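Reviewing the structure listed below.
None of these values were measured; they are calculated from a predicted model. The chains referred to below are lettered A, B, ... by the order of the sequence lines, with proteins before strands, and numbering in each begins at 1.
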Amino acid sequence: MIRTILLLVSLFALGGCDWMPGKPNPDSKWREASETSDFAILYRQNCLGCHGIGQVVSGSIAMDNPTYLSVVPREVLLNVISNGVPSTAMPGFSAAVGGTLTGEQIEILTNGILAKKPAAQPSPLPPYAADPGDPARGATVFAASCASCHGNTGDGGEKAGSVINPAYLDLVSNQYLRTVVIAGRPDLGCPDFTARTPGKPLSNEEVADVTAWLISNRRNEFGKPHAPAQPPLP
Amino acid sequence: MNKLIHAARGVFLWVDDRLHLTKLYESTAGHHVPQSSGSWFYVFGSATLLCFMIQIATGILLAMVYVPSAAEAYTTLEYLTFHQYLGWFLRGVHYWGSNFMVGIMLLHMTQVFLFGAYKYPREITWITGVVLMVLTLGLAFTGQVMRFDEDAYWGLGIGVAIMGRVPLLGEQLVNMMLGGPIIASDTLSRFFALHVFVLPGGILALVSIHLRMVLTKGINEYPQPGMLVRRESYDKEYAAIIKKEGVPFFPKAISKDLVAAAVVIIGILACATFFGPKGPLGPPNPLQIDTLPRPDFYFLWIFAIAALMPDWMESVALLGGPVIIGIILFALPFFNGTGEKSWRRRPIAVLTVILTYVSLGLLTYLGHTSPWSPDMNAWRSAHTPKKFLEGRSPLELQGSLVIQSMQCRNCHAIDGIGGQRGPDLADVGARLTKDQLVRQVIQGGGNMPAYGKNLTPDQVDAVVAYMVSLRTPGVAAARDSSQPGRPPME
């Protein structure tokens, strides 16, 4: 009887060995990066360095900026992630342009980002893209809505730095300037188009005008106005 | 019953007469050793041998599944680890057995050194021990190659690169090791043959000599301060010790070895149970740069030395170092073969051991953290702490993005986040002036590549503006000491 019990206990112990703490979890098995399909992992591995989310702030627009998510069309976001924005710091992530993400992963990122779009959106919303407006009118809009932080001439104020620095303007696209005017950088204290002047959101025309004024401040190395070749939309 | 016992005795006497088992027993397990050697300090040699036996047993079992071909090795490792019933445990015991073997061998060698056991008349025991150490490390290295993953691939690559530096013979040695100029299908077969035939065979042969020496020249008595070794008188003194206080190795002196053996077995099984095997990590694919290869712990110190030494020292240190260490170890019993044995009166020996352990420990720690390896994903995954973005101008924010997109973060952390190869940029604005930063970015230097051809002037402006802003609040930007009147930001 005792022998039988010992035998059973031994067999039970042996049978149980296969789930000891050191047994490698199948999830820990090495996988190709292209097999990752979790939005949080993909975002952390590929986007977080430049685009903050949640509590993380980064150098460019956060991908949970509610105003940005309200205006950006899905196809634009997909295109930017896939192909990047030439002449800016945004690289393309699709394999076709030398990136490491598959089409499915880019879809997962796009859908995951857009899933954070708020249910309630400011109204009326300016369109994501539009032709620049009138720079002269834009200077007036800037003085009324932005100069309190960026200085009367846009060359920097007490609260925020220059938005007409030639190097800065050469490093960003026209669309980026428009996007920042619309969405702001609330994570760094810069309000969106609804809150630049309390109670008076910028109109479509004002957004286009102030964008045009910013673009008009581009200068080449000799201080002359110049317009670097702009990539196609985004 | 008596007839049965009588018959059994007859059979035993016949066998004993033919095989001389009693004499064999008397001259081996039954031989007399100094009672003082029945010490806990004397268990490391038998424990190392035990580890070796465990390695042979588990190695045979692993070889039943493992296919030593470049095309299938990784797959069979995955099968063993994730699909074969208790395959992971078998791999774990083999892996931890190897770690224990190297670690205990090091302890054994340290004990032998501190107890003066290498001195007259045990020179050959020491020399065979040194060769056994080399073979054991060879076994460990080839075992690492058997785990044919990214660590194995790059570890082998480094080993081969060192071999390739041997003057005149480098190319031939590389070809001999790899079965060609590169790591290919023949390579794994060669290392498999080394790992399961050549090196274990060599170890068995040398262990035989090593143990033979232990039997013929006796186990070193526990050294007492003031008892000096003299070639003229030691043999008589040792014989007197054996006569006075000698005890048979079995069963008197072996008890502590048996306890140590139990501890080692439990230790290996526990480590395998709780920590499991190592890897396999990513496949051995040279195109896979998203990897941070490191050798197993016993080679981390060499990894650290190779990474940290200046370029001009590499060939000299990597090729000359082992030769010098080898000469010292081989010659030790000849230039220091007599005199004091006790570590209590050998301060230089104690200091040598402390220095060796501290150096190996620090280098191993550095090898484990390997701060010199770029983090190839940091440019897209390492964020910048908010305090280093708040209050920055649009140009400076663009600079922070250029630092990401140009992959500066792979080598440069900001406040500890990112690669560790280069200096942390968190306070770079207080250390370097704007001019110095421009020069460093454009021309590189100090192991940093020049980025002058990769960055536009606008990007340099942005990066430098951002870096000037990176300093503790309240700390002024670095000033140009040659122009004390010049404001820091100009």
Are any of the side-chain heavy atoms of A:Pro91 and B:Trp379 separated by less than 4.5 Å?
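Contact flag for A:Pro91/B:Trp379 side chains = yes.
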Can you check whether A:Leu188 reaches B:Leu397 side chain to side chain, under 4.5 Å on heavy atoms?
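When only atoms from C-beta onward are counted, B:Leu397 and A:Leu188 do touch, with a gap below 4.5 Å.
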Between [atom1] on residue [X] and [atom2] on residue [Y], distance to nearest 0.5 Å:
X        : Y        : atom1 : atom2 : answer
B:Thr456 : A:Asp170 : OG1   : CG    : 8.0 Å
B:His383 : A:Gln55  : NE2   : CD    : 10.5 Å
A:Ile164 : B:Leu395 : CD1   : CG    : 12.0 Å

Under the criterion side chain to side chain contact (heavy atoms under 4.5 Å, CB included), I'd like the reasoning laid out for B:Glu396 against A:Tyr168: C-alpha separation, chi angles, the key distance, then a yes or no.
CA-CA 8 Å; B:Glu396 289 162 355; A:Tyr168 164 67; over 6 Å; no
Heavy-atom pair of closest approach, residues [X] and [Y]:
X        : Y        : answer
A:Leu48  : B:Ser381 : CB-O, 3.9 Å
A:Pro24  : B:Thr81  : CG-CG2, 3.4 Å
B:Leu401 : A:Ser60  : CD2-N, 3.5 Å
B:Leu389 : A:Gly59  : CD1-N, 3.9 Å
B:Phe82  : A:Asn25  : CE2-O, 3.6 Å
B:Lys386 : A:Asp187 : CE-O, 3.5 Å

Between [X] and chain A, with a heavy-atom cut-off of 4.5 Å, which part of the residue counts as in contact: side chain, backbone, both or neither?
X        : result
B:Ser400 : side chain
B:Ala272 : backbone
B:Glu78  : side chain
B:Glu390 : both

Any residue of residues 278-285 of chain B which, by heavy atoms, sits under 4.5 Å from chain A
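Within residues 278-285 of chain B, the residues that come under 4.5 Å of chain A (heavy atoms only) are B:Leu281, B:Gly282, B:Pro283.
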Those residues of residues 403-411 of chain B, ordered by number, that approach chain A below 4.5 Å (heavy atom to heavy atom):
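Counting heavy atoms that sit under 4.5 Å from chain A, the residues of residues 403-411 of chain B involved are B:Gln404, B:Ser405.
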Both conditions, 6.0 Å and 45 degrees, for the charged tip of A:Lys23 above the ring of B:Phe89: are they met here?
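No - A:Lys23 does not lie over the ring of B:Phe89 by the 6.0 Å and 45° rule.
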Contact leader toward chain B among A:Gly156, A:Gly52, A:Ser58, where contacts are heavy-atom pairs under 4.5 Å
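When all of A:Gly156, A:Gly52, A:Ser58 are compared, A:Ser58 has the most.
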Between A:Gly22, A:Ser28, A:Gly161, who has the most heavy-atom pairs with chain B when the cutoff is under 4.5 Å?
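The option with the most such pairs is A:Gly22.
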Select, from B:Pro394, B:Cys271, B:Ser393, B:Pro277, the one with the greatest count of heavy-atom pairs under 4.5 Å involving chain A.
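Of the options given, most contacts go to B:Pro394.
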For each of B:Tyr466, B:Phe275, B:Phe388, tally heavy-atom pairs with chain A at distances under 4.5 Å, and name the one with the top tally.
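Result: the option with the highest number of such pairs is B:Phe275.
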Please identify which of these residues, A:Asn165, A:Val172, A:Leu169, A:Thr88, meets the side chain to side chain contact (heavy atoms under 4.5 Å, CB included) condition with B:Gln398.
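Among the candidates, only A:Val172 passes.
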Which atoms of A:Cys47 come close to chain B, meaning under 4.5 Å heavy atom to heavy atom: side chain ones, backbone ones, both, or neither?
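Contact with chain B is through the backbone of A:Cys47 alone.
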Contact origin within A:Arg31 toward chain B - heavy atom pairs under 4.5 Å
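Neither part.
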Determine, step by step, whether B:Asn377 and A:Gln45 satisfy the side chain to side chain contact (heavy atoms under 4.5 Å, CB included) criterion, reporting the C-alpha distance in whole Å, the side-chain angles of both residues, the deciding distance to 0.1 Å, and the verdict.
CA-CA 7 Å; B:Asn377 280 327; A:Gln45 289 178 342; over 6 Å; no
Can you check side chain to side chain contact (heavy atoms under 4.5 Å, CB included) on B:Arg380 and A:Thr100, steps first, answer last?
CA-CA 12 Å; B:Arg380 49 186 178 174; A:Thr100 56; 2.8 Å; yes
For A:Lys29, is the NZ atom crowded, meaning more than 12 foreign heavy atoms sit under 6.0 Å from it?
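Yes, because the 6.0 Å sphere around NZ of A:Lys29 holds more than 12 heavy atoms from other groups.
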